[in-house]
Amino acid sequence: MIVFFVGKRLAFGSKATRLRHVERLRTMGITHIIDVRKYPAKKLDQFKRICLNFKDDARPRPQWFYSRALSFYKKAMRQPGSKVFVMCRAGRRRSANMTYFLLRASGVGPSEAEATIRRARPCIQIVRGYRESAEAYLQGLKQ
């Protein structure tokens with residue numbers, strides 16, 4: 001398991017599937033998990049979490065996907081001391097793109113959001129289909 005913080009309360013990375021991973025997340029202060037993998041892990045039941053089970057197929061995500069993620073994230077951020085970990089299998093595409101969306105939804109511009117994530121982990125891939133569907137969702141919030 002790898003974890004990359006992009007702020008004091010938001011991190012992304014690869015899957016946590018072992019008890020030692022769970023312990024490491026707890027030591028880091030993680031309280032909430034957004035799991036965007038296809039297969040959720042029962043070992044993570046002790047965290048507040050949401051499972052948005054999608055394959056990494058580079059296709060645009062539906063609007064409900066972003067709505068649920070953003071609602072969960074905002075609720076977590078209202079709790080003092082909470083920290084959110086976004087995870088996928090390898091921590092390069094799905095979790096990085098969800099983190100991009102959460103930064104954008106928090107008011108960070110597109111270039112800065114991508115640069116922030118890339119500074120944390122240079123090998124991330126911002127996927128066109130994921131970015132475009134995230135931006136479309138955010139545009140819909142403004143109207």
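As the structure is a prediction and not an experimental result, all values here were calculated from the model. Just the heavy atoms: all of them, side chains too, but no hydrogens, waters or symmetry mates, feed the values below.
Transitive grouping of hydrophobic side chains (ILVMFWY, heavy atoms separated by less than 4.5 Å) keeps Phe5 and Ile124 in distinct clusters. Residue Ile50 is not grouped with residue Val22 when hydrophobic side chains (ILVMFWY) are merged at heavy-atom distances under 4.5 angstrom, including chains of intermediate members. Linking Ile, Leu, Val, Met, Phe, Trp and Tyr residues whenever their side-chain heavy atoms come within less than 4.5 Å places Val86 and Tyr73 in a single cluster. The cluster map of Ile, Leu, Val, Met, Phe, Trp and Tyr, joined by side-chain heavy atoms under 4.5 Å apart, puts Ile117 and Tyr66 in the same cluster.
Checked by atom type and distance alone, the side chain of Arg61 never pairs as donor or acceptor with a backbone atom of Ala134 at under 3.5 Å. Side chain of Ser71 to backbone of Ser67: no donor-acceptor contact under 3.5 angstrom is found. Judged purely by atom type and a 3.5 angstrom limit, Asp56 has no side-chain atom pairing as donor or acceptor with the backbone of Arg94.
Atom CZ of residue Phe47 and atom CD1 of residue Ile30 lie 7.5 Å apart, to the nearest 0.5 angstrom. Atom CZ in Arg118 sits 11.5 Å away from atom OG in Ser111 (nearest 0.5 Å). One finds the OG1 atom of Thr17 at 8.5 Å from the CG atom of Leu44 (value rounded to the nearest 0.5 Å). Rounding to the nearest 0.5 angstrom, the gap separating the CE atom in Met1 from the OG atom in Ser14 is 7.0 Å. To the nearest 0.5 Å, atom CD of residue Gln46 and atom CD of residue Glu23 are 8.0 Å apart. Once rounded to the nearest 0.5 Å, the distance linking SG of Cys51 with CE of Met87 reads 7.5 Å.
Shown here for Ala105 and Leu70, the closest heavy-atom pair between the two residues is CB-CD1, 3.6 Å. For the pair Tyr130 and Asp57, the tightest heavy-atom approach, listed with the atom from each and the gap, is OH-N, 3.2 Å. Shortest non-hydrogen contact noted between Gly29 and Lys83 is O-CB, 3.5 Å. Counting all heavy atoms, side chain and backbone alike, Leu102 lies closest to Ala69 at CD2-O, 4.4 Å. When every heavy atom of Ala76 is checked against every heavy atom of Arg9, the shortest pair comes out as O-NH2, 3.7 Å. Of all the heavy atoms in Arg92 and Cys123, the pair that sits closest is CD-SG, 3.6 Å.
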Inset, instruction - Given side chain to side chain contact (heavy atoms under 4.5 Å, CB included), test Leu103 with Leu10 step by step and report yes or no. - result: CA-CA 9 Å; Leu103 289 172; Leu10 178 60; 4.0 Å; yes

Inset, instruction - Report the C-alpha separation of Asn97 and Phe12 in whole Å, then their side-chain angles, then the decisive distance to 0.1 Å, and conclude whether the side chain to side chain contact (heavy atoms under 4.5 Å, CB included) test is met. - result: CA-CA 10 Å; Asn97 282 272; Phe12 74 98; over 6 Å; no

Inset, instruction - Could you walk me through whether Lys75 and Lys48 pass side chain to side chain contact (heavy atoms under 4.5 Å, CB included), step by step? - result: CA-CA 11 Å; Lys75 189 175 180 181; Lys48 292 178 184 172; over 6 Å; no

Inset, instruction - Start with the C-alpha distance between Met77 and Val84, add both sets of side-chain angles, then the distance that settles side chain to side chain contact (heavy atoms under 4.5 Å, CB included), and finish with yes or no. - result: CA-CA 8 Å; Met77 291 296 105; Val84 176; 3.5 Å; yes

Inset, instruction - Using the salt bridge (Lys or Arg N to Asp or Glu O under 4.0 Å) rule, take Arg119 and Glu112 through it: C-alpha gap first, then chi angles, then the decisive distance, then the call. - result: CA-CA 10 Å; Arg119 273 192 302 275; Glu112 183 58 28; 3.0 Å; yes

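Looking at heavy atoms from C-beta onward, Ser95 lies out of side-chain contact with Phe4 at the 4.5 angstrom threshold. Looking at heavy atoms from C-beta onward, Val3 lies in side-chain contact with Met28 at the 4.5 angstrom threshold.
Remark: Arg24 CZ is packed, more than 12 non-hydrogen atoms of other residues, nucleotides or ligands lying under 6.0 Å away. Counting heavy atoms of neighbouring residues, nucleotides and ligands inside a 6.0 Å radius, atom CZ of Arg18 does not exceed 12 of them. Arg121 CZ: more than 12 foreign heavy atoms inside a 6.0 Å radius.
Applying the ring pair (Phe, Tyr, Trp, His ring centres under 6.0 Å) criterion to His21, with sequence neighbours excluded, gives no partner residue. Taking Phe72 as the reference, His32 meet the ring pair (Phe, Tyr, Trp, His ring centres under 6.0 Å) condition, with sequence neighbours excluded.
Ring-plane geometry between Phe101 and Tyr137 is classed as perpendicular, the angle between the planes exceeding 60 degrees on a 0 to 90 degree scale with a lower cut at 30. Using a 30° and 60° split on the angle between ring planes, Phe65 and Phe54 fall in the perpendicular class, above 60°.
In summary, the side chains of Arg93 and Gln125 do present a donor paired with an acceptor at a separation below 3.5 Å, with no hydrogens or angles considered.
The cationic group of Arg131 lies under 6.0 Å from the six-membered ring centre of Tyr100 and within 45° of the ring axis, placing it in a cation-pi geometry.
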